[in-house]
Number of protein chains: 2
Amino acid sequence: MSRREKVSMSVIRRLPRYYRFLIHLKEKGVTRISSTELSTKLGLTASQIRQDLNCFGGFGQQGYGYIVSQLCDEIGNILGLSGKYPTILFGAGNLGRAIGTHMSFESEGFRLIGIFDNSPERIGMELANLKVRDVAGLEEFCKKEKPVMAIFCVPRTAAGELAEQLYNLGIRNFWNFSHYDLSMRYPDAIVENVHLNDSLMTLCYRISDQSAK
Amino acid sequence: MSRREKVSMSVIRRLPRYYRFLIHLKEKGVTRISSTELSTKLGLTASQIRQDLNCFGGFGQQGYGYIVSQLCDEIGNILGLSGKYPTILFGAGNLGRAIGTHMSFESEGFRLIGIFDNSPERIGMELANLKVRDVAGLEEFCKKEKPVMAIFCVPRTAAGELAEQLYNLGIRNFWNFSHYDLSMRYPDAIVENVHLNDSLMTLCYRISDQSAK
DNA sequence: TAGATTGTTAATCGATTAACAATC
DNA sequence: TAGATTGTTAATCGATTAACAATC
């Protein structure tokens, strides 16, 4: 993958969608696709798709289109899905358990190597082929295993202290389900927020707004 | 709340963030705040905050700023959080259980009235003060209880058939955790997608991109 | 009144769409 | 070659930021 200008988040957020759809096409045995076909299937413009892809290189052939399997691999590489970044998860409550088990970490560029909680009834629990550990042993664990990404499935109140500890241990990448504002506090960290409550409120707005018509 | 022009999604997606922060301020006993203060706390520009709020009305006072509790209430109303829309959840797997229990539906404009699954070992399970029902009884349930929103915590493969059934039963609002593309199939539906895998891939890209420097 | 801060208009910036020359 | 479709430049559209008059 060649050196590139900074690509905008709007583009980056569309890449997984392209990737998923191309996997789907590959499974169906489709070998070739044009930007126009892609655009109607995904509800975008052909122009946008070509612009997006050309942020990373010219993957198509004029007059022919794109080779599905090739484009799929290219996007997989761009996304860095072969990274297998060692990752630790915090919080073995309902959400933590869902994230720990539900996600197939092996296929998304991450590898779950540890789960932590601070509640006695959760420590020792089996989850996603791992034993839930006591947060007390975090520092030792990190020095040994060198995780690079942390998932926050803890309440907001617990997140602040935890974040500081992890930041001091050198972790800079976070998948954050808590409402603690990591990126405000640590501007050099890479933070991907999933705020389920916000998502739900947004939906609530749209429903209310619709029915007000 | 007065009649308004169509507000862009960019604005709408910031509203929950404002709302959460104002709740926080209210709890701390702060009574008054200016757009400038808000902007530094939230990492936005003061201009943007004023523009956003003025999509819905002039909630401030020149020379003074905004009254925290009043603005908080206004945004709560705009979001429609008092709606209490009756909602049904599909899928009592890990994610479904997390969503069903973890979210405090009562406070976000929705009210969970039913949980459905099709697997015998889940049907009858207790979850979020509800018994998991057999999908077979869905039609009857809907005709009686008139849910308006459906949450999809089912695999992609199950989503298509389910969506069609629900659409035919008149449901037009979806909180979709599956990778089935609801909005492509039903353009008049209001769909809020939460694609956890996409979120994770986006994070993967950013980490790879960062370390490539 | 003087100072502060909003509401709102104008300027800028960035993202999307359109157009078309290059080329397979 | 003729037809198709890309890669890329130019035009448009929308969102963010800046500026400032209104006014508390």
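Note that the structure is predicted; figures quoted are calculated from it, not measured. Chain letters run A, B, ... following the sequence lines, proteins first, then strands; residues in each count from 1.
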note = Contact check, residues 59-67 of chain A vs DNA chain D, heavy-atom distance under 4.0 Å, returns Phe59(A), Gly60(A), Gln61(A), Gln62(A), Gly63(A), Tyr64(A), Gly65(A), Tyr66(A)
task = State whether Arg50(B) places a side-chain N or O below 4.0 Å from either non-bridging phosphate oxygen (OP1 or OP2) of dG7(C).
result = no
key: Arg14(A) side chain near dA15(C) phosphate (N/O to OP1/OP2, under 4.0 Å)   = no
Which nucleotides of DNA chain C pair, in dot-bracket form (Watson-Crick or G-U under 3.5 Å, | meaning another strand) = ..||||||||||||||||||||||
query = Quick one: are Glu139(A) and Lys143(A) in side-chain contact, heavy atoms under 4.5 Å?
reply = yes
task = Give the intermediate values and the outcome of side-chain contact (heavy atoms from CB on, under 4.5 Å) for residues Phe56(B) and Asn54(B).
result = CA-CA 5 Å; Phe56(B) 304 98; Asn54(B) 282 64; over 6 Å; no
query = Do other residues, nucleotides or ligands put more than 12 heavy atoms under 6.0 Å from the CG atom of Asn129(B)?
reply = no
query = Taking atom CD of Glu161(A) as the centre, does the number of heavy atoms from other residues, nucleotides or ligands within less than 6.0 Å exceed 12?
reply = no
inquiry  = Is there a side-chain contact (heavy atoms from CB on, under 4.5 Å) between Cys204(A) and Ile207(A)? Walk through the geometry before answering.
reply    = CA-CA 5 Å; Cys204(A) 193; Ile207(A) 298 173; 5.9 Å; no
inquiry  = Regarding Tyr18(B) and Asp52(B), do their side chains bring together a donor and an acceptor under 3.5 Å, going by distance alone?
reply    = yes
request  = Ignoring hydrogens and angles, tell me if any N or O in the side chain of Asn173(B) forms a donor-acceptor pair with the backbone of Val148(B) under 3.5 Å.
outcome  = yes
message = Go nucleotide by nucleotide along DNA chain C from the 5' end; which of Asn54(B) and Ser10(A) gets its closest nucleotide reached first?
response = Asn54(B)
inquiry  = Let's see if you get this right: which residues in residues 26-40 of chain B place a heavy atom under 4.0 Å from DNA chain C?
reply    = Arg32(B), Ser34(B), Ser35(B)
ask   = Is the shortest side-chain N to carboxylate O distance from Glu192(A) to Arg13(A) below 4.0 Å?
value = yes
Given dA15(C), dT17(C), dT8(C), the nucleotide with the shortest approach to the side chain of Ser47(A) = dT17(C)
Show me the donor-acceptor pairs, under 3.5 Å and distance only, between side chains in residues 179-188 of chain B and residues at least two apart or in other chains.
from: Tyr180(B); atom 1: OH; to: Arg185(B); atom 2: NE; distance (Å): 3.4
from: Asp181(B); atom 1: OD1; to: Ser183(B); atom 2: OG; distance (Å): 3.4
from: Asp181(B); atom 1: OD1; to: Met184(B); atom 2: N; distance (Å): 3.3
from: Asp181(B); atom 1: OD2; to: Arg17(A); atom 2: NH2; distance (Å): 2.9
from: Tyr186(B); atom 1: OH; to: Glu164(B); atom 2: N; distance (Å): 3.4
from: Asp188(B); atom 1: OD1; to: Tyr167(B); atom 2: OH; distance (Å): 2.8
from: Asp188(B); atom 1: OD2; to: Tyr167(B); atom 2: OH; distance (Å): 2.9
from: Asp188(B); atom 1: OD2; to: Arg172(B); atom 2: NE; distance (Å): 3.3

Can you tell me how far [atom2] of [N] sits from [atom1] of [X], to the nearest Å?
{"X": "Leu53(B)", "N": "dT5(C)", "atom1": "CG", "atom2": "P", "value": "16 Å"}
{"X": "Ile49(B)", "N": "dT5(C)", "atom1": "CD1", "atom2": "P", "value": "14 Å"}
{"X": "Gln70(B)", "N": "dT6(C)", "atom1": "CD", "atom2": "P", "value": "13 Å"}
{"X": "Met9(A)", "N": "dT16(C)", "atom1": "CE", "atom2": "C1'", "value": "18 Å"}

message = Go through it in stages, so that I can follow the logic: the residues are Tyr66(B) and Phe59(B), the test is ring-ring contact (aromatic ring centres under 6.0 Å, His included), and I'd like the CA-CA distance, side-chain angles, deciding distance and then a yes or no.
response = CA-CA 7 Å; Tyr66(B) 300 87; Phe59(B) 303 131; 7.8 Å; no
query = Taking only residues two or more places apart in sequence, or in another chain, which ones meet Ser119(A) in a side-chain hydrogen bond (donor to acceptor under 3.5 Å, both in side chains)?
reply = Glu121(A)
Residues Tyr85(A), Ser211(B); criterion side-chain contact (heavy atoms from CB on, under 4.5 Å); working and verdict = CA-CA 12 Å; Tyr85(A) 297 112; Ser211(B) 43; 3.9 Å; yes
Identify the pairs formed between an N or O of the protein and an N or O of nucleotides 10-13 of chain C at a distance under 3.5 Å, and give each distance.
none

ask   = Can you check side-chain contact (heavy atoms from CB on, under 4.5 Å) on Phe177(B) and Phe152(B), steps first, answer last?
value = CA-CA 6 Å; Phe177(B) 289 79; Phe152(B) 272 36; 5.7 Å; no
